[in-house]
There are 2 protein chains.
Amino acid sequence: MSDGARETSLDTIQRELTAFARRARAAAARLHPELPLVSYTLLAHIDDRQGCRATDLAAHYLLDKSTVSRQIAALEKMGLVERRPDPDDHRVQVLHPTDAGTRLLASTQASRLAAYEERLKDWSAEDLAAFAGYLLRYNATGDTGPPAPIGESWPKPRP
Amino acid sequence: MSDGARETSLDTIQRELTAFARRARAAAARLHPELPLVSYTLLAHIDDRQGCRATDLAAHYLLDKSTVSRQIAALEKMGLVERRPDPDDHRVQVLHPTDAGTRLLASTQASRLAAYEERLKDWSAEDLAAFAGYLLRYNATGDTGPPAPIGESWPKPRP
DNA sequence: ACATAACCGTTGTACTATACAACTGAAGGG
DNA sequence: CCCTTCAGTTGTATAGTACAACGGTTATGT
């Protein structure tokens with residue numbers, strides 16, 4: 001297969017992922033004016049890994065700690081998460097969703113899922129699985145899940 | 001029963017696409033501090049469809065016209081696009097990239113492509129093609145949302 | 001033919017998300 | 001004990017965005 005085909009694929013991937021990114025927020029905002037996209041994402045993560053720290057969130061999403069701090073503050077003010085002191089280390093705050101947070105998250109996820117189902121209703125289960133697999137694979141490269149083992153092409157140290 | 005599998009795929013797609021969106025901007029900013037993501041995207045579109053109107057951009061990216069107006073103004077101030085009056089309709093401005101815009105876009109696209117190549121170097125050409133195909137299909141499927149402003153069938157031709 | 005509607009773009013205002021830098025407070029080592 | 005490192009907060013600045021109100025332009029209906 002020619003390099004041209006590979007380049008075309010890369011170009012398409014770049015273009016389409018970017019196009020998606022451009023619309024994701026707007027779509028999310030329309031779908032859930034109550035729980036902004038970022039808050040939703042962080043809340044979902046907190047719920048997923050119960051008891052995570054703000055620093056974990058920052059590392060996972062490549063966000064500045066100040067950004068996370070403010071987002072968490074907002075979530076707390078909305079009564080969706082609570083901070084618990086870590087007895088072992090008084091610097092850290094352990095984050096947990098409140099009942100309200102869990103409930104709101106569930107309902108948000110449900111309607112979000114419904115929107116995706118609507119949008120992807122014509123896709124076969126096989127295509128969905130394959131697409132999901134590619135996305136996972138894509139995001140896994142260069143992700144900050146398990147401490148990056150290898151070269152890590154994106155660390156971007158500040159000069 | 002395998003509705004569960006379908007739901008899992010949908011959930012993964014939703015989660016991973018969102019994760020991507022979360023990082024796209026940061027990554028783009030690090031990669032090209034000179035040309036912000038949004039400006040880049042709009043400039044690319046203007047270059048792609050030479051002679052498009054601001055309203056086209058707004059419709060395509062689901063942006064408010066005021067947003068596009070300001071972005072265009074910024075691009076113009078940077079000397080990357082120019083507005084030409086449309087003789088047939090004095091309301092519209094026809095947008096064209098300047099030489100500088102074309103050049104900057106080319107260099108930006110090149111290094112962006114290189115970043116993707118680096119990131120996806122382990123993927124086979126077949127996987128890249130399949131992933132690109134899924135993304136195209138995803139983005140091409142009717143844009144959802146309560147507003148559903150206009151028919152907007154999204155032709156999305158690829159050059 | 002003209003009033004009215006539809007449309008294109010700009011500007012004023014406000015809000016979210018974000019970064020960077022400076023700071024406080026808490027461990028952890030010499 | 002200092003000194004460094006780490007977790008989080010706060011001050012400040014900027015991009016990106018939406019919504020609403022507006023001015024100019026074209027299309028439509030009676």
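Hydrogens, waters and symmetry mates play no part in the numbers below; they use all other heavy atoms, side chains included. Since the structure is predicted, the reported quantities are computational estimates derived from the model, not experimental observations. Each chain gets a letter, A, B and so on, in the order its sequence line appears, and its residues count up from 1.
- Between the CG atom of B:L57 and the P atom of C:dC8 there is a distance of 13 Å, rounded to whole Å.
- For the side chain to side chain donor-acceptor pair (under 3.5 Å) test, residues two or more places apart in sequence or in another chain that qualify with B:D64 are B:S66.
- If you take NZ of A:K65 and P of C:dA22, they are 12 Å apart, rounded to a whole angstrom.
- Checking B:I72 against A:S39, the closest nucleotide of DNA chain C that is more toward the 5' end is the one next to B:I72.
- For residues 71-84 of chain A, the set of pairs meeting the salt bridge (Lys or Arg N to Asp or Glu O under 4.0 Å) definition, not counting sequence neighbours, comprises A:E76-A:R83, A:E82-A:R84.
- Judged by distance alone, with hydrogens and angles left aside, B:S69 brings no side-chain donor or acceptor close enough to the base of C:dC8 to form a pair under 3.5 Å.
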- Heavy atoms under 4.0 Å is the rule here; annotate nucleotides 24-30 of chain C 5' to 3' with B where the base is hit, S where only the sugar-phosphate is, and - elsewhere. -BBS---

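- Taking 4.5 Å as the limit, every side-chain heavy atom of A:V92 sits out of range of all side-chain heavy atoms of A:T55.
- Not counting sequence neighbours, the partners of B:Y134 by the ring pair (Phe, Tyr, Trp, His ring centres under 6.0 Å) test are A:W123, A:F131.
- Atom pair A:Q71:CD and C:dC15:P shows a separation of 16 Å (rounding to whole Å applied).
- Put simply, CZ on B:R70 is 8 Å from C1' on C:dT10, counting in whole angstrom units.
- At a threshold of 4.5 Å between non-hydrogen side-chain atoms, the residues B:D47 and B:Q50 count as touching.
- Here D:dG8 is the nucleotide among D:dG8, C:dT18, D:dA18 with the atom lying nearest to any side-chain atom of A:R53.
- Toward the 5' end of DNA chain D, the nearer of the two residues A:V92 and A:D64, judged by each one's closest nucleotide, is A:V92.
- Residues A:L43 and A:L105 approach most closely at O-CD2, 3.9 Å, considering heavy atoms.
- The stretch residues 75-83 of chain A comes close to DNA chain D through A:R83, each having a heavy atom under 4.0 Å from the strand.
- Atom CG of A:D86 and atom C1' of D:dG8 are 14 Å apart (whole Å).
- Relative to the side chain of A:Q93, the nucleotides C:dG9, D:dG8, C:dA19 differ in distance, and D:dG8 lies closest.
- At a cut-off of 3.5 angstrom, counting only N and O atoms as typed in the model, there is no donor on one side facing an acceptor on the other between the side-chain of B:T55 and the base of C:dC7.
- Taking the nucleotide of DNA chain D with the nearest heavy atom to each of A:V94 and B:P87, the more 5' of the two is matched to A:V94.
- Within the structure, side-chain hydrogen bond (donor to acceptor under 3.5 Å, both in side chains) contacts touching residues 101-111 of chain A (residues at least two apart or in different chains) are A:H32-A:S111.
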- Message: Assess the residue pair B:R6 and A:L128 against the criterion (side-chain contact (heavy atoms from CB on, under 4.5 Å)); give the C-alpha distance rounded to whole Å, side-chain angles, the decisive distance to 0.1 Å, and a yes or no.
- Response: CA-CA 7 Å; B:R6 188 177 178 89; A:L128 286 179; 3.6 Å; yes

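- One interatomic measurement links the two molecules: CG of A:L63 to C1' of D:dA7, which rounds to 16 Å at whole-angstrom precision.
- Residue B:T67 has its side chain nearest to D:dT17 when only D:dC19, D:dG8, D:dT17 are considered.
- Side-chain atoms of B:L57 and B:L95, non-hydrogen and from C-beta on, do get closer than 4.5 Å to each other.
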